[in-house]
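Can you read through this structure? Questions will come right after.
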Amino acid sequence: MPKTNKQPTGSQNKIKIEKNIMVPTRDGTCMAVDIYRPDTAGKFPALLAMSPYGKAIQNLPYPFPQPAPDVY
């Protein structure tokens, strides 16, 4: 895709991080979420990542460390 002046490059933008923002759900409970977004004005696509293991797993390096093989 050709670059235009409307497409900012990742190296020019800083990331704004907001941790433990409480967001109400339809059933009245609240979820603590972390929000990572560009620290600049404009519209950007959103990505939602959910895990039953807590939100800290989203910051793990990829590829995840592999478990040791079973040796019998």
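What you see is a predicted model, and the numbers here were worked out from it, not measured in a lab.
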Legend entry - Same apolar cluster: Tyr36 and Ile21, side chain cutoff 4.5 Å: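 Unlinked, Tyr36 and Ile21 end up in two clusters.
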Inset, instruction - Report yes or no: does Asp39 contribute a side-chain atom to a donor-acceptor pair with the main-chain N or O of Ile15 at less than 3.5 Å? - result: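 Flag not set: sc Asp39 to bb Ile15 has no pair under 3.5 Å.
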Inset, instruction - Kindly indicate whether the side chain of Asn20, heavy atoms from C-beta on, has any atom under 4.5 Å from the side chain of Asp34. - result: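 The answer is yes; the side chains approach within 4.5 Å.
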Inset, instruction - Report the distance from atom NZ of Lys55 to atom NZ of Lys19, rounding to the nearest 0.5 Å. - result: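 Rounded to the nearest 0.5 Å, the NZ-NZ separation comes to 6.5 Å.
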Inset, instruction - Tell me, yes or no, whether the heavy-atom count around Met22 atom CE, taken from other residues, nucleotides or ligands under 6.0 Å, exceeds 12. - result: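 Atom CE in Met22 is packed in, count exceeds 12.
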Inset, instruction - To the nearest 0.5 Å, tell me how far Arg37 CZ sits from Leu47 CG. - result: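 Here the rounded value is 14.5 Å.
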Legend entry - Heavy-atom pair of closest approach, residues Cys30 and Pro24: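 Scanning both residues, the minimum pair turns out to be SG-CA, 4.0 Å.
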Inset, instruction - Kindly compute the distance separating CD1 (Ile17) from CD1 (Ile35), expressed to the nearest 0.5 Å. - result: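 Output value for this atom pair is 11.5 Å.
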